[in-house]
Peer 1: 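I have a structure I would like to understand better, so I am pasting it below and will then ask my questions one at a time.
Note that the coordinates shown come from a computational prediction; the quantities given were computed from them, not determined experimentally. Values below: every heavy atom of this structure, side chains too, minus hydrogens, waters and symmetry copies. To find a chain, count down the sequence lines: A is the first, B the second, and so on, and within it residues start at 1.
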Amino acid sequence: GDSVTQMEGPVTLSEEAFLTINCTYTATGYPSLFWYVQYPGEGLQLLLKATKADDKGSNKGFEATYRKETTSFHLEKGSVQVSDSAVYFCALSEGYNQGGKLIFGQGTELSVKP
Amino acid sequence: DAGVTQSPTHLIKTRGQQVTLRCSPKSGHDTVSWYQQALGQGPQFIFQYYEEEERQRGNFPDRFSGHQFPNYSSELNVNALLLGDSALYLCASSGIRDSTSHEQFFGPGTRLTVL
């Protein structure tokens, strides 16, 4: 079945460092891909998405490109801030346009130190 | 505009008991999905309700059941609780009728502890 694998955390960075969180997926069709963020004590928030190959999702300085050839959707940010400390989840959905279920990776905890 | 709301926030039960969790979707949404998030793990899809019927189901036993009401709110019921049911239960709503609103908006979750 479909699955998502993320790099394990926790990831600890200094403020203004470059961030990469790796995500690869396995899917039978052509899924939509997502990054969600979960701040302490809160629910999940959609950070960015890409619905077809070569699309780049971006939001709040974060970017990820849908790479079909490598089945990857790595999250990047050029300069992290303390406020970016959270858990990041990569996810896919086979039937996004029909409200399809989300399949999540295990999450990567990011801690940014001042 | 209120987002997705869930109640209660926290719940403590003992093994063998039954529990009901509640979710009100974001205004204008007609579809509710439920996810279980064990500590340190990603959310896992339980099921989805649309037009008061279960539309999709994940790999969860029949002890997990749900309901959707005419006002689109939803309940998740878990019978015969096991220690392994301890988790954060997340509700997400989306709008199937509105083709621009497929994004799933998540509530803050209900933290269930089974002792």
Side-chain angles (χ1 to χ4, degrees), chain A residues 1-11 21-27 31-52 57 59 73 75 86-111, chain B residues 2-7 9-10 23-26 29-51 53-60 68 72 87-111:
Chain A
D2 295 355
S3 65
V4 175
T5 302
Q6 294 179 231
M7 65 184 281
E8 290 194 13
V11 174
I21 300 178
N22 290 336
C23 170
T24 57
Y25 68 90
T26 301
S32 296
L33 301 175
F34 308 84
W35 278 100
Y36 279 82
V37 59
Q38 188 172 36
Y39 297 101
E42 298 184 15
L44 297 171
Q45 299 175 26
L46 178 64
L47 182 59
L48 53 83
K49 68 176 187 284
T51 57
K52 62 183 187 296
N59 186 28
F73 193 56
L75 182 68
V87 181
Y88 292 81
F89 293 94
C90 184
L92 68 80
S93 177
E94 286 276 20
Y96 176 65
N97 287 335
Q98 292 78 41
K101 68 181 182 184
L102 290 162
I103 296 171
F104 289 88
Q106 73 271 33
T108 302
E109 183 180 0
L110 170 65
S111 177
Chain B
V4 179
T5 59
Q6 293 186 243
S7 63
T9 305
H10 296 89
C23 171
S24 290
K26 185 176 167 65
H29 284 181
D30 55 13
T31 302
V32 173
S33 302
W34 287 92
Y35 294 82
Q36 180 195 65
Q37 185 179 12
L39 198 62
Q41 302 295 316
Q44 288 198 294
F45 176 77
I46 304 174
F47 42 53
Q48 183 182 82
Y49 277 83
Y50 171 65
E51 291 190 338
E53 302 225 342
E54 186 180 286
R55 188 167 171 266
Q56 297 181 72
R57 188 178 182 92
N59 189 25
F60 278 79
Q68 186 178 34
Y72 307 120
L88 181 67
Y89 287 85
L90 296 167
C91 171
S93 73
S94 56
I96 287 192
R97 284 206 185 91
D98 179 354
S99 64
T100 65
S101 293
H102 298 300
E103 177 183 342
Q104 293 191 28
F105 288 79
F106 284 81
T110 293
R111 172 74 62 189

Peer 1: Counting only non-hydrogen atoms closer than 4.5 Å, does F47(B) touch chain A with its backbone (N, CA, C, O), its side chain (CB onward), both, or neither?
Peer 2: neither
Peer 1: Flag yes if more than 12 heavy atoms outside E54(B) fall under 6.0 Å of its CD atom; otherwise flag no.
Peer 2: yes
Peer 1: Which residues satisfy the side chain to side chain contact (heavy atoms under 4.5 Å, CB included) test with D2(A), sequence neighbours excluded?
Peer 2: A27(A), T28(A), L92(A), E94(A), I103(A)
Peer 1: Within a strict 4.5 Å, meaning less than it, do heavy atoms of the Y36(A) and P43(B) side chains meet?
Peer 2: no
Peer 1: Under the side-chain hydrogen bond (donor to acceptor under 3.5 Å, both in side chains) rule, collect the residues that match up with Q37(B), sequence neighbours excluded.
Peer 2: Q38(A)
Peer 1: Can you tell me how far the CG atom of L44(A) sits from the OH atom of Y35(B), to the nearest 0.5 Å?
Peer 2: 9.5 Å
Peer 1: With a sphere of 6.0 Å drawn around CD of Q44(B), does it hold more than 12 non-hydrogen atoms of other residues, nucleotides or ligands?
Peer 2: no
Peer 1: To the nearest 0.5 Å, what is the distance between CZ (R57(B)) and NZ (K101(A))?
Peer 2: 11.5 Å
Peer 1: About how many Å separate CD of E42(A) and CZ of F106(B), when rounded to the nearest 0.5 Å?
Peer 2: 14.0 Å
